[in-house]
Protein chains: 2
Amino acid sequence: MATSEAATRGVSGTGATSAATATAAARLRVAVPSVADRVADELRLQLAEGILLPGARLTESTIAEDLGVSRNTVREAFAELASERLVVRHPNRGVFVASLEPGDIHDVYTVRRTIEVSAIRGGGSPEAVAAVRAAVEEGKLAAAANDDEGLGTANQHFHGAIVALAGSRRLNTIMSQVLAEMRLFFHKATMDANFYSGYLKDNEEICEALEAGELEKAADLLLAYLDRSEDKQAEVHGE
Amino acid sequence: MATSEAATRGVSGTGATSAATATAAARLRVAVPSVADRVADELRLQLAEGILLPGARLTESTIAEDLGVSRNTVREAFAELASERLVVRHPNRGVFVASLEPGDIHDVYTVRRTIEVSAIRGGGSPEAVAAVRAAVEEGKLAAAANDDEGLGTANQHFHGAIVALAGSRRLNTIMSQVLAEMRLFFHKATMDANFYSGYLKDNEEICEALEAGELEKAADLLLAYLDRSEDKQAEVHGE
DNA sequence: AATTTATCGATTGTTCAACAATCCTTCGAT
DNA sequence: ATCGAAGGATTGTTGAACAATCGATAAATT
C-alpha cells in the first residue's frame, strides 16, 4: 500500500492544535493551513518523492484512514491536487496519479518555453537577477558535494528564478505548478548521476549573459537548453 | 440576495436524471458533470453576468439552500472556483468574489503579454489562423448589429484564438482562466457603447499581419494593443 | 468456445446532522 | 472612549448513511 508509512505521522506537523498555538496564530494573523491543505501537502510530498507513482489509484477511504481524517476532507484535498493536474479524476471510478503522455511532455515544454523565454527577455530587477545567480551557485555547491537530489532542486530553483524575473505572481504560480507536474517524472530512479550535471554549465552561461544584459543571447541559450531537455525527456519516456 | 432568482432553476440543466438519460450517457461515455461542477458552473455564470459583484460574500448555507444542494457540495464548488482565482477564501471567514486590485490588473496583463505575444510569434497552423480570422469577422458582425455584448465575446474569442495558435492545451486553459478573471470587471456596466469598437480595427490589422506571415509585425501590434488596453483598465479602475 | 447478460461487491457521489473552532458584533465595565 | 467579555453566526471537520455507478465474476445464450 502506497500510503502505508504515512499512517504513523498522520497529517501531523501541527500535531496537537493546542489552545496556545491557536491563539498565537490568530494574534499573528498567520494563516493556519486547513486539514485539507495539510492532506494535500502530504500527498504532494509523496508524489514528489515517487512514493505514489503515475497511474496509481488513490482510494478515498484508505487515505482517509491512513492520515486519520475524514473522507470529505480527503475529497477536498483531491480537488486541490486535481486543479494542479497532479491527479486526474475519473468520475465514479476514482482519482489516479497523473501520468504525462508524450503529448503532455511537449505541452509542458511549450509552456516553459513561452514563460521562461519571455521572462528572461524582460530582464528583471537586480535582486531578481541575483536570485538567478544564487540558484546557479546552489547548483555548483550541490555538484561539489555529489548531492544529486540537491542538484535537482537547485535546477528547479534556477528556472523558478528565471520566471520570477517577470515579477508576476500569476506566472510564478503557473511555473511552480508546471514544475510540480514535471517532478512526477524526475524521481531518483529517473535521473542517473549526471542527469543534471550537464545543465550546470548551461545555467552558468545563461546567468552570465543575463547579468551582462545580453538578454537576447540569454534567451537563445535558454531556448536551446529547453529544446535539448525536451528531447532528452521524450527519449527517456515513451516513444 | 444575490442568488435569489437562481432558486427557481436550482442547479437544473440536467433536470430529472431519468434512467434513460443516465444509461445513454453511460453508453456514450459522455462525462456527466457532477453536482459540484454544475454548482460551480452556475456561480461562474453569475460571476460573469455581474450578478455577483467583486467583494461580495458567498455564504455556504444560503447558496446550498438556493441551489438545493448540500453544503458539502457547495464547498467543493468553492474549491474549484478558488483554484481559478474567481473567488478568494478567507479562512474561517468565508469566500468572497475576487476583486482585482491595481497590482492584479498589471499582473493579468503581464500574463497575457507573455502568452499571447509568444503564441503569435509562433505562427500556428492554417486552421488556427483561420480561427483568428473567424473571430475578427464575428466581431464585425456584432458591431454591425450594435450588439455590445456580442462584441465583447467576439473580442475574447479573438484573443483565445491567438493563444490557440500555440496549440497547447495548458496554455489554452491558462488563458481561459485569465479571461474569466477579467470578465469579473468587464460587465455591461463597465463598458460603454464603444468600449470594444476601437479594438475592432486593431484585431483586423493583427489578423492581416498574421495571415501575411509577418509575425513580428503582428506581435508588435498585439503588444501595443495590450499596453493600451491595460492603460485603459488602470484608468477606469482606481489608479 | 465465445459472446452476451445478470449479479454482486466495492467505491464514489451526495446528503444530512452534529460539533468544535473561529470570527464579528454587541454589550458592559473600567 | 477604550478595552475586554459574552453571544451569535459561520466556517471547518467529522461521521454515518444511502443511491449511483463501475468492474469483475458468474451464469446463460448462441
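Residue numbering restarts at 1 for every chain, and letters A, B, ... go by the order of the sequence lines.
Applying the side-chain hydrogen bond (donor to acceptor under 3.5 Å, both in side chains) test to A/T73 and every residue at least two apart in sequence or in another chain returns nothing. Under the side chain to side chain contact (heavy atoms under 4.5 Å, CB included) criterion, B/E80 pairs with B/D37, B/A40, B/R44, B/E84, not counting sequence neighbours. Qualifying salt bridge (Lys or Arg N to Asp or Glu O under 4.0 Å) partners for A/R169, counting only residues two or more places apart in sequence or in other chains: B/D104. Residues passing the side-chain hydrogen bond (donor to acceptor under 3.5 Å, both in side chains) test with B/S229, sequence neighbours excluded: B/Y109. Remark: A/E101 engages no residue in a salt bridge (Lys or Arg N to Asp or Glu O under 4.0 Å) (not counting sequence neighbours). Listed by chain and residue number, A/E60 satisfy the salt bridge (Lys or Arg N to Asp or Glu O under 4.0 Å) test with A/R71 (two or more places apart in sequence, or in another chain). For B/S83, the side chain to side chain contact (heavy atoms under 4.5 Å, CB included) partners at least two apart in sequence or on another chain are A/S83.
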I'd like a table of donor-acceptor pairs (distance under 3.5 Å, sequence neighbours excluded) in which one partner is a side-chain atom from residues 157-165 of chain B, with atom names and distances.
residue	atom	partner	partner atom	Å
B/H157	ND1	B/E138	OE1	2.9
B/H157	ND1	B/E138	OE2	3.1
B/H159	ND1	B/R112	NH2	3.2
B/H159	ND1	B/E116	OE1	2.7
B/H159	NE2	B/Y225	OH	2.9

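Side-chain contact check for A/I63 versus A/L58: some heavy-atom pair is nearer than 4.5 Å.
Rounded to 10 degrees, the angle separating the terminal axes of the helix from C/dA1-D/dT30 to C/dT30-D/dA1 is 10°, with each axis obtained from five end pairs.
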Which protein N or O atoms sit under 3.5 Å from an N or O of nucleotides 5-9 of chain C?
none

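Residue pairs satisfying the ring-ring contact (aromatic ring centres under 6.0 Å, His included) criterion with at least one member in residues 49-101 of chain B, sequence neighbours excluded, are listed as follows: B/H90-B/F96.
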Spell out protein contact along nucleotides 11-16 of chain D as letters: B when the base is contacted, S when just the sugar-phosphate is, - when no protein heavy atom is under 4.0 Å; keep the 5' to 3' order. BBBBB-
